[in-house]
Amino acid sequence: MTDVEQANGWLYHITDQLGDKNRREGLAVHYLKESLSSDNTNGQTWYLLGRCFSTLGKVHDAFVSYRNSIDKSEASADTWCSIGVLYQQQNQPMDALQAYICAVQLDKTHTAAWTDLGILYENCEQPKDALTCYLNAIQNKGGSSNLNTKIKYLQQHLNSVAVQHLQSKQKKLPSIEEAWALPIPAELTSRQGTITQHPMGKNAMLHSQPMGVQQNTLSPGNPGVVLPDDPLNKKKALKRPSSEPLELPAPPALTPQQLQLLQHLQQNEASLNPNQRQQLQALHHQMMKYQQYQMKVHQQRLTDPGQRSADMLSGMPLPTPITSSGLLPHVNIPDNATPSQGDTGTSLASSLQSGGSSEAGLPKDLQKFVTDHLNDTDLSALLNSSRPDLATSIAEDLLAQFTQCQSTSVKKQDPSPINSQQSSESSQHENTPISQDTVKTTSPSKHSSHSPREGRIDPTQVEYRVKCDSDTKLVISRNVPRSHSPPPAPFNISINMKGKEVLAACRGYGKGGITTSMLGDRCPPRPPSPPFPLPKDSLNPPTPSVYLETKKDAFSIELQQYCYSQPVVVIRGLAGALKLDLGLFSTKSLVEANADHAVEVRTQRQQAPDENRDVYGNRLWRCDSSRGRTTIARYAQYQASSFQESLREENEKAKGLHKDSDSDSNSSSGAKGRKKKTIKFGTNVDLSDEKKWKPQLQELTKLPAFTKVVSASNLLSHVGNTILGMNTVQLYMKVPGSRTPGHQENNNFCSVNINIGPGDCEWFAVPESYWGVLHNLCEKNNLNYLTGSWWPILEDLYEEDVPVYRFIQKPGDLVWVGAGTVHWVQAIGWCNNIAWNVGPVNARQFQLALERYEWNKLQSYKSIVPMVHLAWNIARNLNVAEPKFFEQVKSCLMRSLRQIRFTLDFVEDLGLEVKWHGRGENEAAHYCNDCEVEVFDILFVLEQDKKFIVHCQDCARKIHPRLEGFVILKQYHTSQLCEIFDRFQLAHHVPTS
């Protein structure tokens, strides 16, 4: 029965004819779980379940299933290959590399793993390594025509200038030879240990000739790879105890080039642009991961003498912790100190492990650090030092080492006057990536001149950056002389705390002027790598469409859920099903209602929808247009005359009097050299005034709640003020060829667009997960993804394996654009459209909006949705029953409270008064006048030209480090915010009878 259920589950997964994909996958999961309920030791069933979860996009569940597959059965190349695919989809190329390497080490003939590894290398612009993998993929079983074509292309162009340029660039991944030698997961350690005892050594496992043949270096002429026969190939890999946790591949160490780049970026941190800041953060993140791994391995070897001895006998160097500078951690040992051969250090380590800290006076948080990160020699050297103040300084020395390991930069104190220090401190902070909590202590120490060594680091002088989230600790060294008091204890903050407890825990830690991220301790958001490449025949997918016949269909929960699950949906028949009077939005009705209403006009060149050429006929991404103003009445005249001119031309053509028209935009033949007709597109017509447009806005209340402009289930209705075009209706008046260039909606919110007619519009849409590819293509074409005007070349997207939905929107059709979907639109007839944004009340929408909110900060781009302000209003107005969405909002509120406390610390430390200002009803959120980031609760106001201008904390410090001339205003009572924070709790669904 178990085998039957397993077979049924897999049959539903692979057979398209068995129904809708979501339904099939649901049944597949059901049958596989039934099979596991009978026999949960079947590793193959766990693997198949992981494949199904992966198809459904349930990454965590897929990982859990793959882990169980490895636990329950022998190590499988298929499983590791699938883990690699998951990692690649999650934009973790290094982890994907490790998983693929595990797969091909288990099965050197695994075509899929070699192919996927080649694609990974190709995406990372390492064509030589990609070619090596592709050649291995076809070595045993031949290859597909696509793969053979790709190999032929790479072989022909491997010596070209472009490919040589890619090879000379800094590598994103280790080469295939380097990757083969990297540490592998615990499941394969016994097998790998046997391999290292092979007569040819570990290096024989690199891409080489068969046993006994001299290894050749890889070259264009000899790129083939033949791996040596492994005597264990025919044996089963040893099974790992099921209780042992799954260990994923080791993170990569920084290459010498990366270390050099890191040092350069750190030295020039104050002048970095946003992209360089992201690069600096990524290098920091990679180094910290590698440090943690090295320290973990180091501790394991300390506790396993047999393994340590084996490593020493085999000549393998013992791993040692490194600091962010790439050197060994600095321990404050005087020149005359000598390591002891006794067991004192071991005794201290034992006492720390047992929880006792009275002898050394260490906080509990440092006890774990000492146990995990210091070896016996380090502790012995500390305890046997002849320094007279050892008893009182061991904890401080350990803190210095601890902060050095945890920090991303350690700088020497400049013994300059206080004002100059603060100015320097301000400059450094302004250029710190916004998504990291930044902590600085720069008070001079009176002991600094007595340091026995020039490189000695005083824990009261260390400047460092740490991460802080709901479950992480923020350790800060205060500006107090060493002789006065020890550093303050670490603190925890959690969404389970009361608001006042969060404020109390954070109090006193913001005196240096800290700006934190609403994403917590995550790395700064950045454009994602593309998902796993689709087959070429899947790059033009059918557009999800729904045909409505009745009002009941329109208001069904199934329609709402379907729209939420898709990148884009065309809802046809909506106007008829709901009896919408779209004539209210016709040009004639608009002129009758408000003829003098303002219209923004974009002057463009008329072109075919799938083309974009400059005046010389060259294809390009840039979509040029000039901006102007007119009125509804005047544009209506232009729209009508354009239609009449087109009719006249059609009549002349029918009579044979009209030759090739310059205005023919539907043919791409002979496009070069042809002068394009100029057209005018009436855009962004504001229909927010309820007095002027009452009949039109009233008609839209007939729509389903999830598509309404104003609705409790629309997050944008909870912002509390008007955001033109987002929580209000905008109108677009078009003639054929009118273009809305490529874009994602503001802060990745969803949008609704209805075609009023009488003509059609053509749409192009790309799923959110591919926006990183379009971002990179924009940069390649010298365009700014956020602020530029661009029209993608479809062939470029095809070459990059980007799927594109392409469809026609007819009069009365509603297009639902999902969160983060990239889209561009062209009118192919004379028509009007109305559109607005909506925010589904779910975790995905809030997360994508918050990520874009933080990425916009890095790009110096204004987020017109004030996400912190919105989060507080969500807590006021909504009962949230979705746990993930609740945690996201609550965490945002917690970080907002933390930022308020840090800001108050900074202001109070300067001796300035915070004045009560309050906030008016429906008052718009405030933005910094200089950098345009949202400013919540505490406003830094400066009078300029008899106007009161709001600044954020960072920009205020730029103007004057001590905020001279600023008035600091507060808009909310802290007790009021704490009450909202405490009252916002996870709601529970009440079953209805």
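Counting from 1, the numbers follow the sequence of the chain as shown. Note that the structure is a prediction, hence the values are computed from the model and not measured.
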Practice problem: Hey, could you give me the CG/CD distance between Asp930 and Glu932, rounded to the nearest 0.5 Å? | Solution: 9.5 Å
Quiz item: Just checking, any donor-acceptor pair under 3.5 angstrom between side chains of Asn833 and Asn753?
Solution: yes
Quiz item: Within a reach of under 6.0 Å around CD of Glu690, are more than 12 heavy atoms found that belong to other residues, nucleotides or ligands?
Solution: no
Self-check item: Sequence-distant partners of Trp790, side chain to side chain donor-acceptor pair (under 3.5 Å), two or more places apart
Solution: none
Quiz item: Which distance, rounded to the nearest 0.5 Å, do you find between the CG of Leu687 and the CG of Asn684?
Solution: 11.0 Å
Quiz item: What closest approach, in Å, do His743 and Glu745 show between heavy atoms, and which atom pair accounts for it?
Solution: NE2-OE2, 3.2 Å
Quiz item: Can you name the side chain to side chain donor-acceptor pair (under 3.5 Å) partners of Asn929, sequence neighbours left out?
Solution: none
Quiz item: Any side-chain heavy-atom pair from Cys750 and Tyr564 closer than 4.5 angstrom?
Solution: no
Quiz prompt | Short N-O contact, Lys655 and Glu652, less than 4.0 angstrom | solution = no
Quiz item: Is the backbone of Phe585 close enough, under 3.5 Å, to the side chain of Ser589 for a donor and an acceptor to pair up by distance?
Solution: no
Practice problem: Sort and list the pairs that fulfil salt bridge (charged side-chain N to carboxylate O under 4.0 Å, His left out) and have at least one residue in residues 769-780, not counting sequence neighbours. | Solution: none
Quiz item: How far does CG of Leu777 sit from CD of Glu800, to the nearest 0.5 angstrom?
Solution: 5.0 Å
Quiz prompt | Lys/Arg N to Asp/Glu carboxylate O, Glu122 vs Lys150, below 4.0 Å | solution = yes
Quiz prompt | Smallest separation among heavy atoms of Phe749 and Asn837, with atom names | solution = O-ND2, 4.1 Å
Quiz item: Are a donor atom and an acceptor atom from the side chains of Ser863 and Asn856 found within less than 3.5 Å of each other?
Solution: yes
Practice problem: Determine whether the side chains of Asn832 and Thr587 contain a donor N or O and an acceptor N or O closer than 3.5 Å. | Solution: yes
Quiz item: Are Trp836 and Thr728 close enough, and set up right, to give a side chain to side chain contact (heavy atoms under 4.5 Å, CB included), and what steps lead you there?
Solution: CA-CA 6 Å; Trp836 57 92; Thr728 65; over 6 Å; no
Quiz item: Do Trp621 and Asn782 meet the criterion of a side-chain donor-acceptor pair at a distance under 3.5 Å?
Solution: no
Practice problem: Check side chain to side chain donor-acceptor pair (under 3.5 Å) between Arg852 and all other residues, then give those that pass, not counting sequence neighbours. | Solution: Gln744
Self-check item: Check: Asn612 side chain, Arg622 main-chain N or O, donor-acceptor pair, under 3.5 Å
Solution: yes
Exercise. Determine, stepwise, if the pair Gln845 / Leu715 fulfils side chain to side chain contact (heavy atoms under 4.5 Å, CB included).
Key: CA-CA 9 Å; Gln845 175 64 86; Leu715 290 180; 4.3 Å; yes
Practice problem: Using the side chain to side chain contact (heavy atoms under 4.5 Å, CB included) rule, take Met867 and Phe846 through it: C-alpha gap first, then chi angles, then the decisive distance, then the call. | Solution: CA-CA 9 Å; Met867 291 302 297; Phe846 191 82; 3.8 Å; yes
Quiz item: So, do Tyr861 and Asn784 sit near enough that their side-chain heavy atoms are less than 4.5 Å apart?
Solution: no
Quiz prompt | Arg739 versus Gln826, side-chain donor and acceptor atoms under 3.5 Å | solution = yes
Exercise. Salt-bridge test for Glu600 and Arg627: reply yes if a basic N is under 4.0 Å from a carboxylate O, no otherwise.
Key: yes
Without placing hydrogens or testing angles, list every side-chain donor-acceptor pair under 3.5 Å for residues 763-774, not counting sequence neighbours.
from: Trp763; atom 1: NE1; to: Gln809; atom 2: OE1; distance (Å): 2.8

Quiz item: Is it the case that Ser711 and Asn714 place a side-chain donor and acceptor less than 3.5 Å from each other?
Solution: no
Taking distance alone, no hydrogens or angles, what donor-acceptor pairs closer than 3.5 Å link side-chain atoms of residues 811-822 to residues at least two apart or in another chain?
from: Asp813; atom 1: OD2; to: Arg572; atom 2: NH1; distance (Å): 2.4
from: Asp813; atom 1: OD2; to: Lys810; atom 2: N; distance (Å): 2.9
from: Trp816; atom 1: NE1; to: Cys563; atom 2: O; distance (Å): 3.1
from: Thr821; atom 1: OG1; to: Pro567; atom 2: O; distance (Å): 2.7
from: Thr821; atom 1: OG1; to: Gly818; atom 2: O; distance (Å): 3.3

Exercise. State, to 0.1 Å, how close Asp689 and Leu697 come at their nearest heavy-atom pair, and which atoms those are.
Key: O-CD1, 4.3 Å
Self-check item: Distance, nearest 0.5 Å, that separates NZ of Lys862 from CG of Leu786
Solution: 14.5 Å
Quiz item: Which value, rounded to the nearest 0.5 Å, describes the distance between Arg613 atom CZ and Arg605 atom CZ?
Solution: 11.5 Å
Quiz item: Does Tyr798 have any ring-ring contact (aromatic ring centres under 6.0 Å, His included) partners at least two apart in sequence or in another chain, and if so, which?
Solution: none
Quiz item: If you take all heavy atoms of Pro533 and Ile119, which pair is closest and at what distance?
Solution: CG-CG2, 3.3 Å
Quiz item: So, Arg648 and Glu650, do they make that salt bridge, N to O below 4.0 Å?
Solution: no
Quiz prompt | Residues which pass ring-ring contact (aromatic ring centres under 6.0 Å, His included) with Phe643, listed by chain and number, not counting sequence neighbours | solution = Trp830
Quiz item: Of all residues at least two apart in sequence or in a different chain, which pass the side chain to side chain donor-acceptor pair (under 3.5 Å) check with Arg806?
Solution: Glu762
Quiz prompt | Value rounded to 0.5 Å, distance of CD in Gln639 from CD1 in Ile632 | solution = 11.0 Å
Exercise. Kindly determine whether Lys734 and Val825 satisfy side chain to side chain contact (heavy atoms under 4.5 Å, CB included), including the steps that lead there.
Key: CA-CA 11 Å; Lys734 304 177 180 179; Val825 188; 4.3 Å; yes
Practice problem: Could you pull out all residues at least two apart from Tyr853 that satisfy ring-ring contact (aromatic ring centres under 6.0 Å, His included)? | Solution: none
Quiz item: Do the side chains of Trp824 and Thr740 get nearer than 4.5 Å, heavy atoms only?
Solution: no
Exercise. Keeping the roles fixed (side chain from Asp686, backbone from Ser688), state whether a donor-acceptor pair exists under 3.5 Å.
Key: yes
Quiz item: So, does Asn781 use its side chain to make a donor-acceptor pair with the main chain of Leu783 at under 3.5 Å?
Solution: no
Exercise. Could you go through the side chain to side chain donor-acceptor pair (under 3.5 Å) check for Ser556 and Asp553 one step at a time?
Key: CA-CA 5 Å; Ser556 66; Asp553 294 338; 5.8 Å; no
Quiz item: Looking only at heavy atoms, what is the nearest atom pair of Ile864 and Ile723, with distance?
Solution: O-CD1, 3.4 Å
Quiz prompt | Face-on cation placement of Arg526 at Trp855 ring, 6.0 Å and 45° thresholds | solution = no
Quiz prompt | cation_pi(Lys680, Tyr635) dist<6.0 Å, angle<=45 | solution = no
Only distances under 3.5 Å count here; give the side-chain donor-acceptor pairs of residues 542-549 to other protein atoms, sequence neighbours excluded, each with its distance to 0.1 Å.
from: Ser545; atom 1: OG; to: Thr543; atom 2: O; distance (Å): 3.1

Quiz item: At their closest point, which heavy atom of Gly757 faces which heavy atom of Asn755, and how far apart are they?
Solution: N-OD1, 3.0 Å
Quiz prompt | side-chain hydrogen bond (donor to acceptor under 3.5 Å, both in side chains) contacts in which one or both residues fall within residues 692-701, not counting sequence neighbours | solution = Glu699-Lys702
Exercise. Side-chain contact test, heavy atoms from C-beta onward, threshold under 4.5 Å: evaluate it for Val865 versus Leu716 and give yes or no.
Key: yes
Quiz prompt | Residues Asp801 and Lys536 bridged, charged N to O under 4.0 Å | solution = yes
